[in-house]
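Right, one structure below, let's go through it.
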Protein chains: 2
Amino acid sequence: MEQLSATAYVILGFVRNEPRSGYEIKAVVDNSTRFFWAASYGQIYPELKRLAEAGLIVGSDVPTGGRRRTVYEITADGEEELRAWLRQEPETFEMRDEGLLKLFFADALPREEAVAILRSMRDKRRAVNAQLQALKQMKGELDDPFPMIVLQGGLEFTEWFADWCERMEARLLDSALDERSG
Amino acid sequence: MEQLSATAYVILGFVRNEPRSGYEIKAVVDNSTRFFWAASYGQIYPELKRLAEAGLIVGSDVPTGGRRRTVYEITADGEEELRAWLRQEPETFEMRDEGLLKLFFADALPREEAVAILRSMRDKRRAVNAQLQALKQMKGELDDPFPMIVLQGGLEFTEWFADWCERMEARLLDSALDERSG
DNA sequence: ACAGGCATGTAAATAGTTACATGATTCG
DNA sequence: CGAATCATGTAACTATTTACATGCCTGT
């Protein structure tokens, strides 16, 4: 069998403790891992089929009323596969930040407009921080501590980033002052 | 004209002050924006053609010896386009961190192996931090302060992240202790 | 002579998003 | 009844990476 995609492991991870439908997987991804690993229906549904064919999950029809619905559970092989993946060194780390890119080239703009980039970045990070706070309220105490550790990391990261934006904004405004007076 | 890709703006940004070849653009991207915005030859060369056709850059043949070479300069239209883009709110912010994803699902592993994920993440962040330090040494004082601000941000971010990994590692080890004694 | 870097480019594969189609159910 | 939500799925598109092909130049 060829290598599984990272999305495959997201699915394995989420069906490990409770059986879930594709729709439910999408919903839970959108409220948790999406901040560092997103997944769309276009990835989830085909991947569910592949994983079922490979015997790593099994689906069963559990309609809600007359609405057809397939929920998937992990198999012993699937658990094995998930653990084997977890034991490998993480490889992918990517960040694509249009704000940082604009800031990088901000010399092409007058200073006040460069500062506006930082302000916009700060506002965005604070908004995400608020989303994460809301998520945190929703979750009760779980016996699995890891999702909360990661969420906490997201909160700290967004705070750090927003603060950094403010500090850099102050620094730019200071140096603008220097230019005028020095 | 259809919307330009973000890669197009990376190119516009880098040819703004000095004329550069596709090869040089790739090199400078790899030593700067790659940490938050990467670009490959497969994107750069076709994009250079498109930008030249659109009149946002102009290429001229400047061979080094018998080695053919085309360097591109920005046009007035190109500068205008770049500035217009810089003035728009940054949209894309994406992070794909396989380490965080693994940590999120780490309950499937014995605690010592979960801790290993954090250690591996920390080591990776420290390694990137060292790369950025090296980059910082290489650059002298520029009159454009923004690349250095962004680089400095990268240094702080990798430090913060590495520290967070250590703190979370300590926390996991503590709670393992609690379970035994409590 | 040969390795490594300079230089341009393309083909194929992979990844991922968006938009759409379909249809049932629930709630106001 | 109509809107929202549950539910599954696909097609088309866009983005991006990887690998390869070509060939010149420089230094050892």
Side-chain angles (χ1 to χ4, degrees), chain A residues 2-11 14-15 19-31 33-53 57 59-72 91-98 101, chain B residues 2-11 14-15 19-31 33-53 57 59-72 91-98 101:
Chain A
E2 327 106 62
Q3 274 240 114
L4 297 177
S5 67
T7 306
Y9 294 107
V10 174
I11 293 174
F14 278 122
V15 300
R20 287 195 230 250
S21 67
Y23 188 84
E24 287 166 332
I25 290 168
K26 173 75 161 86
V28 75
V29 163
D30 282 348
N31 283 309
T33 65
R34 127 173 101 105
F35 297 98
F36 51 92
W37 209 285
S40 60
Y41 288 128
Q43 291 168 276
I44 291 168
Y45 284 110
E47 197 64 60
L48 282 168
K49 288 207 169 150
R50 252 171 278 150
L51 289 171
E53 269 167 43
I57 59 177
S60 40
D61 287 1
V62 183
T64 43
R67 187 153 44 185
R68 98 191 143 109
R69 180 160 163 272
T70 311
V71 298
Y72 296 87
E91 280 169 20
T92 307
F93 180 93
E94 277 160 43
M95 202 164 154
R96 320 210 90 210
D97 186 339
E98 206 182 328
L101 188 59
Chain B
E2 324 107 62
Q3 274 240 114
L4 296 177
S5 66
T7 305
Y9 295 107
V10 174
I11 292 174
F14 278 122
V15 300
R20 290 183 152 112
S21 68
Y23 188 84
E24 286 166 334
I25 291 168
K26 173 74 160 90
V28 76
V29 164
D30 282 350
N31 283 309
T33 64
R34 129 174 99 104
F35 297 98
F36 51 91
W37 209 286
S40 61
Y41 288 128
Q43 291 169 276
I44 292 169
Y45 284 110
E47 197 65 60
L48 282 169
K49 289 206 170 153
R50 253 170 278 152
L51 289 171
E53 270 168 44
I57 58 176
S60 40
D61 286 3
V62 184
T64 43
R67 192 162 23 186
R68 98 190 144 109
R69 181 161 162 273
T70 311
V71 297
Y72 295 87
E91 281 169 20
T92 308
F93 180 93
E94 278 160 41
M95 202 165 154
R96 318 209 91 208
D97 186 339
E98 206 183 329
L101 188 60

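Letters go in sequence order (proteins before strands), and every chain restarts at 1.
Distance B/Tyr23 OH to D/dC25 P: 15 Å, rounded to the nearest Å. Per the geometry, CH2 belonging to A/Trp37 stands 10 Å off C1' belonging to C/dA15, to the nearest Å. D/dG9 atom P lies 14 Å from atom CD of A/Glu24, rounded to whole Å. The separation between A/Lys26 atom NZ and C/dA19 atom P is 13 Å, rounded to whole Å. One interatomic measurement links the two molecules: CG of A/Asp61 to C1' of D/dT8, which rounds to 12 Å at whole-angstrom precision. For A/Ile44 and D/dT10, the CD1 to C1' distance is 15 Å, given to the nearest whole Å. Spacing between atom CD of B/Glu94 and atom P of C/dT17 amounts to 7 Å, rounded to whole angstrom units. To the nearest angstrom, C1' of D/dT14 lies 12 Å from CD of B/Glu47.
Each of C/dT10, C/dA7, D/dT8 was ranked by its minimum atom distance to the side chain of B/Arg69; first place goes to C/dA7. Comparing D/dT17, C/dA7, D/dA7 against the side chain of B/Ser40 picks out D/dT17 as the nearest.
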List the protein contact pattern of nucleotides 21-28 of chain C with one symbol per nucleotide (5' to 3'): B for base contact, S for sugar-phosphate-only contact, - for none; contact means a heavy-atom distance under 4.0 Å.
--BBS---
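By the 4.0 Å N-to-carboxylate-O rule, B/Arg34 lies too far from A/Glu94 to be salt-bridged with it.
For the OP1/OP2 pair of C/dT17 and a distance below 4.0 Å, the side-chain nitrogens and oxygens of A/Gln43 include at least one atom meeting the criterion. The side chain of B/Tyr41 contributes no N or O atom lying less than 4.0 Å from OP1 or OP2 of C/dG9. For B/Ser21 and C/dT8, the shortest distance from a side-chain N or O to OP1 or OP2 is below 4.0 Å. Remark: B/Tyr45 is in phosphate contact with C/dT8, judged by side-chain N or O atoms under 4.0 Å from OP1 or OP2.
Using a 4.0 Å heavy-atom distance criterion, B/Ser5 is classed as making no nucleic acid contact.
When all heavy atoms of A/Ala38 and A/Gln43 are compared, the pair lying nearest together is O-OE1, 4.4 Å. Closest approach of A/Val10 to A/Val29, counting heavy atoms only: CG1-CG2, 3.8 Å. Scanning all heavy atoms of the two residues, the minimum distance from B/Glu98 to A/Trp37 falls at N-CZ3, 3.7 Å. Heavy-atom minimum distance, A/Glu47 versus A/Ala8: OE2-CB, 3.5 Å. In this structure, B/Lys26 and B/Ala39 approach most closely via the heavy-atom pair CD-O, 3.5 Å. When all heavy atoms are compared, the tightest approach of A/Tyr23 to A/Tyr45 is N-OH, 3.3 Å.
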